[in-house]
Amino acid sequence: MKLKNLMLMTTATALAAPAAMAQDMADSMTLVSWGGAYQTSQVRAYSDPYTAMNPDVEIVWDESSPEAVARLRAMEEAGNITWDLVDVVGADAIRLCDEGLAMEVDHDEILAPAPDGTSASDDFGDLIVSDCFIPQIVYSTTAAYRTGVEAWEGRTPESICAIFDTENFPGTRTLERRPINNMEWALLCDGVAMEDLYDVLETEEGIDRAFAMLDTIKEDTIWWSAAAEPPQLLADGEAVIGTSYNGRWFSAIEEQDQPIAMLWDAQVFDLDGWIIPEGLPEERLNRVLDFVSFATDTQRLADQAAYISYGPARASSAPLVGNHADLGIPMGPHMPTDPANSERTILFNYEWWADYRDDLDARFQAWLAR
Amino acid sequence: MTDAATGNIGRAAADARRAEAEQTGPVMAADGRPLKQSLNRALRAQKLRALALIAPLLLFLLVTFVAPIFDMLFRSVENQITSETLPRTVVALEDWDAQDLPSQDTFAALAYDFMEAAERRIHTRLGSRLNYETTGISSTFRRSGRGIDDLGETQAEQFIDLNPQWEDPAAWVALMAAPDWIAAQADWAARADAADAADRPFDEAEPAFRLAGGIAATLPETADAYRSFATTIQQEDEDSPTAEEPWNTVYLALYRDLLRQPAATIAAYDGPQAALVQEAAGVAAGFEATDLPAFFIDMDDGWGDLKTWETIQTFSDPYTAGYFLAALDLQLTPQGIEMQPEEQQIYLMLFWRTIVLSLTIMGLCVLLGYPIAYLLSNLPMRTSNLLLILVLLPFWTSLLVRTSAWKVLLQQQGVINDTLVWLGLVADDARLALINNQVGTVIAMTHILLPFMILPLYSVMKTIPPSYVRAAKSLGATNSTAFWRVYFPQSVPGIGAGCILVFILSIGYYITPELVGGRTGIFISNRIAFHISDSLNWGLAAALGSILLILVLALYWLYDRLVGIDNVKLG
């Protein structure tokens with residue numbers, strides 16, 4: 001019976017494949033992303049070539065990714081999904097999948113294989129953190145410091161723990177106003193081994209230890225909520241060391257020539273990618289699948305790296321990464337995944353934070369307010 | 001004395017009129033109806049016309065403003081999700097005493113509920129909901145959703161080994177479905193085939209599954225589990241029970257029924273497939289059993305933790321006070337209401353801070369706005385118009401731009417600090433911290449809200465005749481007496497209006513504190529925004545919002561009692 005089913009299914013798929021080509025596709029599509037330099041990189045690497053191939057298709061860009069989860073939930077309740085493809089971080093993809101707001105996809109079926117024939121799911125590997133998630137880039141939250149700070153008397157930070165070292169590296173710090181990442185770094189600099197971080201953080205003593213460590217810099221820190229703030233603060237000299245996304249640092253350092261240097265140590269890898277909202281009408285879904293298969297193929301992901309310093313999510317794209325489109329500098333050394341930059345990294349633990357986020361966030365905010 | 005006298009006279013006059021009316025009858029209008037009635041009718045028509053005129057706006061406000069607000073606020077108590085996702089478990093847990101792990105039966109109920117929830121993909125939603133109360137439930141639910149398919153596989157295999165008919169969807173339908181459903185379904189299938197053959201589109205849904213009448217008495221759990229299976233695949237996947245093998249949990253239910261139902265009941269069953277059922281009943285006792293608690297705990301340790309079960313039990317009611325309690329730093333435990341652990345208390349402090357800072361901002365606005373409004377109202381028209389434009393100018397500038405401008409001005413390497421250092425008032429290594437704290441919030445918000453104070457003050461002061469102050473002075477009052485005794489009391493309604501506007505606007509402010517408030521200068525609205533868009537805990541956000549609304553109404557009432565709302569003038 002089961003074998004028969006399988007054979008029937010295979011035949012059906014084989015028969016359906018040519019039929020799929022002729023399917024009706026909607027001629028407009030709303031893509032949702034983060035705005036700014038990142039969205040520009042997507043427009044130039046994905047949607048411009050796509051509209052060149054399909055001149056009839058109108059692509060509308062929306063910049064609502066920061067509140068995508070809440071908006072999709074509201075859309076589902078209203079019964080009117082107006083978005084076709086949404087760019088979200090890995091943690092949000094998991095939540096959207098959990099809530100049934102994103103469509104589960106079969107990566108091998110809808111995405112193109114690598115040029116050498118490796119299946120999409122093998123090419124993306126572990127980066128497929130949820131059944132709904134189609135990865136695009138690897139980015140990292142990492143530290144950077146202002147160069148030539150007089151009070152440092154020529155010392156330069158070499159590890160993330162410089163953030164907690166107010167003696168050798170005095171000055172204002174800037175960290176994100178949430179527990180994620182900060183708790184990990186605090187424990188790491190308190191002497192916890194990288195692989196034990198989450199085990200320790202799960203215990204009451206571990207949380208207390210992390211807060212005690214953060215206490216030592218609480219008064220010296222500006223707590224940011226928008227990732228554009230830290231590069232600005234460092235450029236203005238308001239802060240001397242801080243954390244933000246590596247792409248933000250890249251544009252401050254390379255494009256705006258600010259006296260800032262990267263400190264890749266213990267960067268936290270995170271992912272960003274597409275989700276397809278659940279419940280799209282067939283015509284729109286067909287269009288989205290057609291686009292997504294194009295926009296996440298090996299060449300397109302490598303192309304994106306020419307506009308922004310985020311690493312392509314496919315293993316097969318890495319060798320194809322070239323120079324920056326406008327500056328002409330090689331992008332390889334600016335990728336978070338570059339071996340020289342990723343000597344010591346933390347992989348953001350999605351599952352753990354999905355559980356502990358609410359609890360720790362309440363404690364973190366209460367701690368901040370005290 | 002005089003009051004009483006007037007009252008008496010008035011009453012006497014009324015009595016006289018009434019007596020007169022009784023004698024002469026009611027006054028008639030031209031058309032012969034009583035004048036009073038006729039007047040009322042004319043007034044009613046007028047009122048209706050007025051109502052009809054404002055009806056579009058009223059309707060618009062109701063639909064787009066009032067209704068969504070109430071819908072949102074209703075979420076603060078709504079909690080149907082537990083009883084909708086795990087209906088059988090909730091019932092089974094009603095009498096659970098929270099001493100030991102629940103019984104096998106409760107675990108079985110959970111198995112049936114969870115299988116359906118996982119197929120409908122709603123189990124993780126409940127997981128996130130319960131995770132607000134007990135950390136860790138989210139992943140317990142997510143992991144269990146992956147493993148639940150396998151529960152009952154042992155039983156399914158044994159039934160199928162016994163008789164391959166148990167694998168046949170048609171045999172199950174014959175056993176479980178109502179005869180009229182089987183007929184209706186066959187009819188539907190025939191029409192679908194005919195449409196298919198004629199290449200016509202056919203989008204009629206399959207008739208909704210109905211259970212056979214007698215089967216629930218013989219095999220209660222199986223009937224329940226099968227109905228859950230049939231309706232779920234019909235609704236979720238548009239599959240037909242006639243073509244799908246039941247879930248493994250249905251076999252688990254069958255196994256449990258055959259063991260637990262009295263032998264006589266099974267033997268007495270003479271409906272369709274009686275032979276099949278009785279054959280299985282004879283040998284089911286020898287089947288390999290599954291330890292349900294062990295299976296669940298193996299999927300995720302959370303099921304072995306009493307806290308998980310307590311949370312499900314505590315939050316099983318369709319309405320909950322849990323969100324409101326959380327918004328007040330309290331928590332609902334099986335033992336009753338308790339304070340949150342001290343390191344998690346935050347909301348009461350934030351409410352208090354929001355009120356104190358809003359009052360500070362309001363006070364500063366009065367202090368700064370009053371002289372400006374006074375100046376505006378006393379200058380010649382041409383100059384005052386120019387100044388008024390300056391007051392209004394910030395209104396036409398984006399809020400974000402104004403806030404960012406404050407950042408440039410106030411930061412430690414900013415314009416103000418640089419100037420102070422240059423003047424030598426402040427040492428270079430002791431620059432003032434004017435931003436990313438409460439000072440920053442107060443400065444930026446006072447600036448942003450100042451026009452809301454100046455405008456009502458100005459429009460009230462404009463109506464105060466200058467001759468009053470002149471008259472006071474001509475009668476010998478000093479400048480300050482003339483101001484405080486004559487001018488100021490007349491401007492109080494403007495202060496009242498400005499204060500209400502500024503205070504209510506500032507208590508709900510969000511973006512400015514977020515940008516310049518740093519660690520100590522954020523408001524309660526920042527947490528509400530966080531729960532709406534980040535943590536997705538809309539229930540808690542709604543509860544916080546409701547409390548804020550109640551707080552504003554309470555302060556408004558207090559204001560009315562102290563100052564009197566009639567004394568507020570906007571112009």
Under a 4.5 Å heavy-atom cut-off, does chain B meet the side chain of [X], its backbone, both or neither?
| X | answer |
| --- | --- |
| A:A226 | neither |
| A:L368 | both |
| A:E202 | neither |
| A:R95 | side chain |

* Is it the case that more than 12 heavy atoms not belonging to B:E238 sit under 6.0 Å from its CD atom? -> no
* Asked: Hey, is CG on B:D237 packed in by over 12 heavy atoms from elsewhere, all under 6.0 Å?
  -> yes
* To do: Report the C-alpha separation of B:R527 and A:D361 in whole Å, then their side-chain angles, then the decisive distance to 0.1 Å, and conclude whether the side-chain contact (heavy atoms from CB on, under 4.5 Å) test is met.
  => CA-CA 11 Å; B:R527 292 310 288 168; A:D361 200 83; 3.1 Å; yes
Below 4.5 Å from any heavy atom of chain A, which atoms of [X] appear? Answer side chain, backbone, both or neither.
| X | result |
| --- | --- |
| B:E343 | both |
| B:R120 | neither |
| B:Y347 | neither |
| B:N437 | neither |
| B:E342 | backbone |
| B:R143 | side chain |
| B:I522 | side chain |

Quick check for you: to the nearest 0.5 Å, what is the distance between [X] atom [atom1] and [Y] atom [atom2]?
| X | Y | atom1 | atom2 | answer |
| --- | --- | --- | --- | --- |
| B:R125 | A:D98 | CZ | CG | 10.5 Å |
| B:Q412 | A:L233 | CD | CG | 11.0 Å |
| B:L515 | A:S225 | CG | OG | 6.0 Å |

* Asked: Are A:R73 and B:W538 in a cation-pi contact, defined as NZ or CZ under 6.0 Å from the six-membered ring centre and within 45° of the axis?
  -> yes
* Contact winner vs chain B - A:P66, A:A362, A:A68, A:C97, heavy-atom pairs under 4.5 Å -> A:C97
Picking from [options], which has the most non-hydrogen pairs under 4.5 angstrom with chain A?
| options | value |
| --- | --- |
| B:G136, B:S128, B:S138 | B:G136 |
| B:G518, B:S533, B:G414 | B:G518 |
| B:N131, B:L126, B:I137, B:L350 | B:N131 |
| B:L536, B:I122, B:N537, B:T520 | B:L536 |
| B:Q340, B:H531, B:H123, B:R75 | B:R75 |

* Asked: Any side-chain donor-acceptor pair under 3.5 Å between B:T135 and A:D355?
  -> no
* Do the side-chain N and O atoms of A:E238 and B:N436 include a donor-acceptor pair separated by under 3.5 angstrom? -> no
Is the shortest side-chain N to carboxylate O distance from [X] to [Y] below 4.0 Å?
| X | Y | answer |
| --- | --- | --- |
| B:R142 | A:E99 | no |
| A:D131 | B:R146 | no |
| A:R177 | B:E514 | yes |

* **Side-chain heavy atoms of A:R363 within contact of B:P341, under 4.5 Å** => no
* Structure fact -> Of all heavy-atom pairs linking A:D358 and B:S535, the shortest is OD1-CB, 4.0 Å
* Could you pull out the closest heavy-atom pair between A:R357 and B:D534, with the gap in Å? => NH2-O, 3.5 Å
* Does the A:E351 side chain pair with the main chain of B:S139, one donor and one acceptor, at a distance under 3.5 Å? -> no
* Could you pull out all residues at least two apart from B:R129 that satisfy salt bridge (Lys or Arg N to Asp or Glu O under 4.0 Å)? => B:E133
* To do: Go through A:Q365 and B:R519 one step at a time and tell me if the side-chain contact (heavy atoms from CB on, under 4.5 Å) criterion holds.
  => CA-CA 9 Å; A:Q365 300 302 336; B:R519 185 165 78 73; over 6 Å; no
* **side-chain contact (heavy atoms from CB on, under 4.5 Å) between A:Q232 and B:K407, worked out** => CA-CA 11 Å; A:Q232 188 64 49; B:K407 286 193 116 159; over 6 Å; no
* To do: Show your reasoning for whether side-chain contact (heavy atoms from CB on, under 4.5 Å) applies to B:Q344 and A:L360.
  => CA-CA 9 Å; B:Q344 283 191 28; A:L360 272 185; over 6 Å; no
